Amino acid sequence: MLAGGLAGAGALGLTGGLSGCGSPLAAGVAGTPLNPESVTFWNLFGGGDGARLQTMLDVYREEQGSPESLTAATFAWGNPYYTKVVLATLGNKPPDVAVAHATRATILAEAGLLEPITDDLLGLAGLSSSSFTESVWEAGRVGDSYYTIPLDTHPYVLFYNAEVCQQAGLVGDDGKLVTIEGREAFEAALTEIKGVTGDVGMVCSNVGDTSGSWRLFQTLYWQMDGATDFLAEAGQQLTVNEELALATMDYIGGLAKSGLITPTIDYAGAGTKLFTGKAGFQTQGEWEITTAQGIEGLTFGMVPIPTVFDQPAAQADSHTFIIPRMERTDAQRELAMGFVKSLLDQSLTWAEGGHVPALKATLESPEYQALEPQADYASAAEIAKYDPPGWYSGSGSTFENIVGAQIGLVQQQLASPQQALDAIKEQLRTYLDTPSPVLGS
Amino acid sequence: MTTLTTPPPVPPSAATRPDGSPDTGTRVKTRDARAGWLFLAPFAFFYALFLIVPTLYMLITSFFNTSLVRPGLGSFAGFANYAEMFGRADFWSAMWHTLQFTLYTTPPLVVLAFVFAVLANRLKRGQWFYRLAFFLPFVLPSATIGLIWVFIFTPGTGLWPTVQGWLGMEPTAVLADPSWAMVGIAIATVWWTIGFNFVLYLAGLQDIPRELYEAAAVDGASPWQQIRSITLPLLSRTTTLVVLLQIIASLKIFDQVYLMTQGGPGISTQVALTQIAAIGFTDNRIGAASAFSVLLFIVIIAIALIRQLFERNQDRSA
């Protein structure tokens, strides 16, 4: 069976090789690029992001005057995506350019899988390190080198259904959500909304969405005085403030128990609930703006997640471009940077999709400042709390899965905060004890 | 299993050789053997390349801190990887979940397939429809199964919670509840793969001569007695095959978990293979993943041996 299948594949390969030299298979066997003039680009943008990216890619294709100038592939995000990038780079067949989260790119860089972004390389796109917001540029640093070309910052924010909030008396004269600060005010607002919707006040997805649960936790946790990074020493030390972590989980569980937030809902269902007016608030990444805009008759707004505790904070990460390590000619390098430049030039289009641009020129432009509701929550990028350092941490990582899953269970009333924290510590133990496998030993 | 005991054909030349040296037979035999190896070579090549070599590599790397992204084996770890596995809570839970899935799926997949096959076999007309209906899900790829059942079990808006709502029941978030998620995956799997066992049983049933049933009916045996005394014993070979295939398939569970729950909620559906893939390809720790694989390998061999002993015992008593 095995041999038969392989012999079949071999025969196919043979005919493929004979029938056309330009075929993908021939290129694969010979190890030559499919089309030297074409840029291969890997990304992880689904949903609203994906739709917007397509229009940006089409602009690049138009600029180049040929649909073949770009081969773009979109993969499911999170661990599987980064596994693909790692394996392709190890196999010396990586894409010319790929998208990575800042928190994951640094790990790829430590593994020696990325080309450093030098001034010369940036120069090919007419850019320099000072073109970007400093904090975002610095997020791509490993040692003395930089490995990312930042595209945006994407904070976790609060979506609100304007019609519902209007009825709940939460919309001011300017037509925007009133400022909500402190626990009492926040819970009072949720209670008001619950009265209007007859369902819940706020939706926070937690089924099959460990990242969502983690983002909510990270946001609320960092709003407390005395919060410390969850991990330290490249993920070798657990430094979370356990008292505050328990308090945060207790708060999330309590809101769900009192019916102010949903105890059990998945990512898609959470959006539906907000859009259909069964909830007034939703904690969600700003990228879902495109989905919300596509709902006919929906009026909505977005603001930073209210400061429920002591200080403002918002979980965030950044999308960046990375150049995976492989043998490249100068022409290929130029082509890759030309593509990056084209996408960065369209930062405003990207910003329309919700993300806060990393390019200073766009961020400070009057066009961006006039974007609604983007301008209402852009400040969330300044209070950004990235995932803690660690070889198993970052967006969509094992760390988020372990911690987020337990927080999700607390929200579902299936675990107490103490049980959740114990489970988190138990499951993280192996990772804490294991030195980074990507570093050379 | 049965072994072929046909004597090797004696080459006619060997007997009529004038010098009658005893060596000739051996020489011809070597030639025969060489041809045999030649026929075997294509298979042996791929078998060695894709099974023997990786298995040996797995054994070796399990003793090293091998990293996916670094060349070479990495530093020597001794039994540290194994010690780590025994100390890891998620190793034991993944092993248990694999066994749990096997226990949840094997009995229904064998019993239900048998029942449905017997029922379908009794039909005089329209049997093709039932054969098709039971086998159709098996044709679908696992990704499709994942999508269908994730939709059915979607909390709040899925088919199952909706039906529960009609019946006035409290809706269960099947895939979101640690105590139900594995049951959900098992149900999806039974629906998906029952067609295969069903077809095997149906083929077995159609091999049983009608006269046996007629004779039994003449002797006054009830339908239940016929099933117990004719159908079941005559299908014992099929049952042995189905059970073996089913246990192996269930221990190899990966797709459904990966696609439907990603091992969640928490790690309540994390099984051996998804855990190995996570350690090896997400954590980049080939050494640790190899140690896990070796342990799983031992468990599967142990289960296969126990089953073999069980069967031998059965054959002897039969």
Side-chain angles (χ1 to χ4, degrees), chain A residues 1-7 10 78-80 82-84 86-87 89-90 107-108 110-113 206-210 262-266 268-270 272-273 391-392 397-398 401-402 404-406 408-409 412 414-415 420 423-424 426-427 429-431 433-441, chain B residues 40-47 49-51 64-75 80 84-85 87-91 93 150 153-158 171-173 175-179 258 260-268 270 277-288:
Chain A
M1 176 91 173
L2 178 75
L6 286 163
N79 280 337
Y82 293 104
T83 301
K84 286 186 185 76
V86 167
L87 292 177
T89 311
L90 290 173
I107 301 161
L108 298 174
E110 281 172 0
L113 299 173
N206 60 331
V207 173
D209 185 17
T210 50
T262 43
T264 311
I265 197 156
D266 68 348
T272 309
K273 226 166 173 117
W391 59 268
Y392 52 89
S397 64
T398 307
N401 289 342
I402 289 176
Q406 296 301 323
L409 292 180
Q412 275 181 265
L414 295 174
I424 288 169
E426 173 71 30
Q427 288 172 42
R429 210 179 38 146
T430 321
Y431 292 92
D433 291 346
T434 308
S436 172
V438 304
L439 297 174
S441 48
Chain B
L40 212 61
F43 173 77
F45 174 73
F46 287 109
Y47 191 75
L49 192 67
F50 290 110
L51 202 88
F64 288 86
N65 290 314
T66 309
S67 163
L68 182 68
V69 297
R70 293 286 162 195
L73 287 173
S75 57
E84 177 192 320
M85 289 307 145
R88 268 179 96 134
D90 53 2
F91 167 79
S93 82
V150 163
F153 289 140
T154 302
T157 51
T172 11
L175 295 179
D177 189 327
S179 45
Y258 189 79
M260 288 170 69
T261 63
Q262 294 87 42
I267 53 166
S268 59
Q270 192 74 273
I279 297 173
F281 297 111
T282 302
D283 298 348
N284 299 322
R285 298 180 63 211
I286 293 297

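Given the structure is predicted, the values throughout are model-derived calculations rather than measurements.
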- line: Cut-off 4.5 Å, heavy atoms of chain B, and the answer for T83(A) is both
task: Could you look at I107(A) and say if it's the side chain, the backbone, both or neither that has a heavy atom under 4.5 Å from chain B?
output: neither
task: Quick one: pull up CD1 in I279(B) and OH in Y431(A) and give me the separation to the nearest 0.5 Å.
output: 6.0 Å
query: How far apart are the closest heavy atoms of V438(A) and V69(B), and which atoms are they?
result: CA-CG2, 3.7 Å
query: For L113(A), is it the side chain, the backbone, both or neither that has a heavy atom under 4.5 Å from a heavy atom of chain B?
result: side chain
statement: Smallest heavy-atom separation, A89(B) atom then E426(A) atom, equals CB-OE2, 3.2 Å
- request: Answer yes or no: is there a side-chain heavy-atom contact under 4.5 Å between R285(B) and W391(A)?
  value: yes
Interface moiety of T210(A) toward chain B, non-hydrogen atoms closer than 4.5 Å: neither
query: Residues two or more places apart in sequence or in another chain: which of them pass side chain to side chain contact (heavy atoms under 4.5 Å, CB included) with P80(A)?
result: K84(A), Y258(B)
- prompt: Counting heavy-atom pairs under 4.5 Å to chain B, which of D433(A), L414(A), T262(A) comes out on top?
  reply: L414(A)
field: Partner chain A: residue of D90(B), T157(B), I267(B), T261(B) with the largest heavy-atom pair count (under 4.5 Å)
entry: I267(B)
message: Taking side chain as everything from C-beta outward and backbone as N, CA, C, O, which of these in T66(B) sits under 4.5 Å from a heavy atom of chain A? Side chain, backbone, both or neither.
response: neither
query: How far apart are the closest heavy atoms of P437(A) and S67(B), and which atoms are they?
result: O-OG, 2.6 Å
- prompt: Do you know which two heavy atoms are closest between L90(A) and L68(B), and how far apart they sit?
  reply: CD1-O, 3.2 Å
task: Look only at the side chain of R429(A) and the backbone of G87(B), and say whether a donor-acceptor pair between them is shorter than 3.5 Å.
output: yes
query: Among all residues two or more places apart in sequence or in another chain, which pass the salt bridge (charged side-chain N to carboxylate O under 4.0 Å, His left out) test with D209(A)?
result: none
task: Locate the shortest heavy-atom distance separating L439(A) from R70(B); write the atom from each residue and the value.
output: C-NE, 3.7 Å
